[in-house]
Amino acid sequence: SVDYLVRLEQGRETSPSTSVVRALADALGLGHDELVHMYGLVARHEKPEMCPNLTAVPVVADETRALLDRLPGTPAFVIDAITTVLAWNDAYDTLMRPTGLLEAEAPNLTRFTFRDERARTLYRDWESIAREQVGNLRTHGGDAGEELPSQALVSELTTSSPEFVRFWSEYAVGEKRTGVKALAHPTVGDLDLAFTALGLPEPGKLRMVTYLPADEESAVKLDRLLAPPRTGRPLLRVVDG
């Protein structure tokens with residue numbers, strides 16, 4: 001009934017049945033990520049003891065670090081639920097060190113996007129990247145409770161970035177698992193990098209992200225950037241006689 005929907009909207013009805021939640025999701029035309037997010041919020045409210053503990057510090061497994069090292073020519077890194085970069089390989093370090101992202105003690109993609117002016121130059125489509133980061137943050141527990149690390153990041157960005165406030169208020173939910181990052185790299189210029197985000201078995205919603213060149217021009221530039229430095233030693237020449 002309309003009265004029941006009003007009570008739900010106003011928070012006077014806090015225990016809708018599973019069938020009601022599903023009917024609301026269908027009526028609102030929720031996509032997969034939005035539906036998962038909605039059920040997650042219901043589960044945290046109804047049975048918080050059944051939800052994973054996200055307050056513990058995420059730990060990257062030794063096997064995952066070994067895999068990163070086995071990708072010498074492919075920039076790859078591991079992020080947690082709030083996009084803190086926990087581990088990365090040498091290729092990612094070479095790619096991102098000149099951008100300033102890795103200067104922080106605990107690099108965070110969302111914080112860098114909204115609080116570091118260099119991000120607005122690095123990302124050729126800054127607004128698209130910013131909205132993507134907000135969607136990721138919503139998806140991975142942005143409304144789960146004051147005890148979660150995401151709440152501290154949300155509070156920080158709410159007080160420091162009007163754009164974050166605007167995007168956050170749109171309540172967009174969804175994780176972009178594949179796509180292309182259009183960078184204006186400070187060393188090699190424009191780079192288009194195809195990314196893939198893969199879920200990891202470690203607790204804490206960890207994901208590994210890899211970058212591959214999206215076109216031939218970007219492949220040439222990335223190879224040049226990642227090429228080992230010259231030693232500077234002169235070549236030996238063999239002279240007959």
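Computed from heavy atoms alone, side chains included, the values below leave out hydrogens, waters and symmetry copies.
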Open item on the list: Would you say that more than 12 heavy atoms from the other residues, nucleotides or ligands in this model lie under 6.0 Å from the CD of E127, or not?
Closed with: yes

- [ ] Answer yes or no: is there a donor N or O on one side and an acceptor on the other, between the side chain of N89 and the main chain of P75, under 3.5 Å?
- [x] no

Open item on the list: Restricting to non-hydrogen atoms, name the atom on L226 and the atom on G73 that form the minimum distance, rounded to 0.1 Å.
Closed with: CD1-O, 3.6 Å

TODO: Answer with yes or no whether the hydrophobic clustering places Y92 together with L200; edges join I, L, V, M, F, W, Y residues whose side-chain heavy atoms lie under 4.5 Å apart.
DONE: no

Task: Single-linkage hydrophobic cluster L68~F77, side-chain heavy atoms < 4.5 angstrom - done: no

TODO: Specify the closest pair of heavy atoms between L153 and I82, including all atoms of both residues, with the distance to one decimal.
DONE: CD2-O, 3.8 Å

TODO: Locate the shortest heavy-atom distance separating A91 from P72; write the atom from each residue and the value.
DONE: CB-O, 3.4 Å

Open item on the list: Within the 3.5 Å criterion, strictly below it, is a donor on T83 or T110 matched to an acceptor on the partner's side chain?
Closed with: yes

Open item on the list: Checking D215 against S218: is there a side-chain donor and acceptor pair closer than 3.5 Å?
Closed with: yes

Task: H185 side, atom NE2; L222 side, atom CG - distance, nearest 0.5 Å - done: 9.0 Å

Open item on the list: Nearest 0.5 angstrom please: Q151 CD to L137 CG, how far?
Closed with: 8.5 Å

Task: Exceeds 12 heavy-atom contacts within 6.0 angstrom, atom CZ of R70 - done: no

TODO: Give the intermediate values and the outcome of side-chain contact (heavy atoms from CB on, under 4.5 Å) for residues I79 and L86.
DONE: CA-CA 6 Å; I79 54 175; L86 303 176; over 6 Å; no

Open item on the list: For the CZ atom of R115 and the OG atom of S161, what is their distance to the nearest 0.5 Å?
Closed with: 9.0 Å

- [ ] Kindly give the heavy-atom pair with the smallest separation between P203 and L206, and that separation in Å.
- [x] O-CG, 3.8 Å

Open item on the list: With heavy-atom distances below 4.5 Å as the criterion, would you say the side chains of L212 and L193 are in contact?
Closed with: no

Task: Common cluster, L225/L101, ILVMFWY with side-chain heavy-atom separation under 4.5 Å - done: yes

Open item on the list: Within the structure provided, determine whether R124 and D192 are in side-chain contact (heavy-atom separation under 4.5 Å).
Closed with: yes

Task: Cluster link Y211 to V180, ILVMFWY, side chain under 4.5 Å - done: no

Task: Criterion side-chain contact (heavy atoms from CB on, under 4.5 Å) on T159 and V165, from CA distance to verdict - done: CA-CA 8 Å; T159 59; V165 174; over 6 Å; no

TODO: Check whether any side-chain heavy atom of L95 sits under 4.5 Å from a side-chain heavy atom of L191, and report yes or no.
DONE: yes

Open item on the list: L157 vs W168, test: side-chain contact (heavy atoms from CB on, under 4.5 Å). Steps then yes/no.
Closed with: CA-CA 10 Å; L157 296 178; W168 186 254; over 6 Å; no

Open item on the list: Is the shortest side-chain heavy-atom distance between L122 and M96 below 4.5 Å?
Closed with: yes

Open item on the list: Once rounded to the nearest 0.5 Å, what's the spacing between atom NZ of K176 and atom OG1 of T139?
Closed with: 13.0 Å

TODO: Verify the cluster assignment for L102 and V60: are they in a single hydrophobic cluster under the rule of side-chain heavy atoms below 4.5 Å apart?
DONE: no

Task: Derivation of the side-chain contact (heavy atoms from CB on, under 4.5 Å) call for L67 and M208 - done: CA-CA 10 Å; L67 179 58; M208 177 181 289; 3.8 Å; yes

Open item on the list: Would you call the rings of W126 and F167 parallel, tilted or perpendicular, taking 30° and 60° as the class edges?
Closed with: tilted

Open item on the list: Could you tell me if the side chain of F164 sits less than 4.5 Å from the side chain of T158, heavy atoms only?
Closed with: yes

Task: Basic-acidic side-chain contact under 4.0 Å: E202, R207 - done: no

Open item on the list: Working note: R111 + D116, criterion salt bridge (charged side-chain N to carboxylate O under 4.0 Å, His left out); need CA distance, chi angles, decisive distance, verdict.
Closed with: CA-CA 8 Å; R111 179 181 289 111; D116 196 314; over 6 Å; no

Task: Ion pair check, R97 and E103, cut-off under 4.0 Å - done: no

Task: Minimum heavy-atom distance between A184 and T121, given as atom pair plus value - done: CB-O, 3.4 Å

Task: pair Y123-S128: side-chain heavy atoms closer than 4.5 Å - done: no

Open item on the list: What I'd like to find out is whether the side chain of E132 reaches to under 4.5 Å of the side chain of E175, using heavy atoms alone.
Closed with: no

- [ ] Check the surroundings of atom CG in D90: do more than 12 heavy atoms from other residues, nucleotides or ligands lie under 6.0 Å from it?
- [x] no

Open item on the list: Check R120 with E163, please: is the shortest side-chain N to carboxylate O separation under 4.0 Å?
Closed with: yes

Open item on the list: Restricting to non-hydrogen atoms, name the atom on D93 and the atom on P98 that form the minimum distance, rounded to 0.1 Å.
Closed with: O-CD, 4.3 Å

Open item on the list: Between L183 and T99, is there a side-chain heavy-atom distance shorter than 4.5 Å?
Closed with: no

TODO: Find the distance between CD (E170) and CZ (R166) and round it off to the nearest 0.5 Å.
DONE: 6.5 Å

Task: salt_bridge(D125, K181) N-O dist < 4.0 Å - done: no

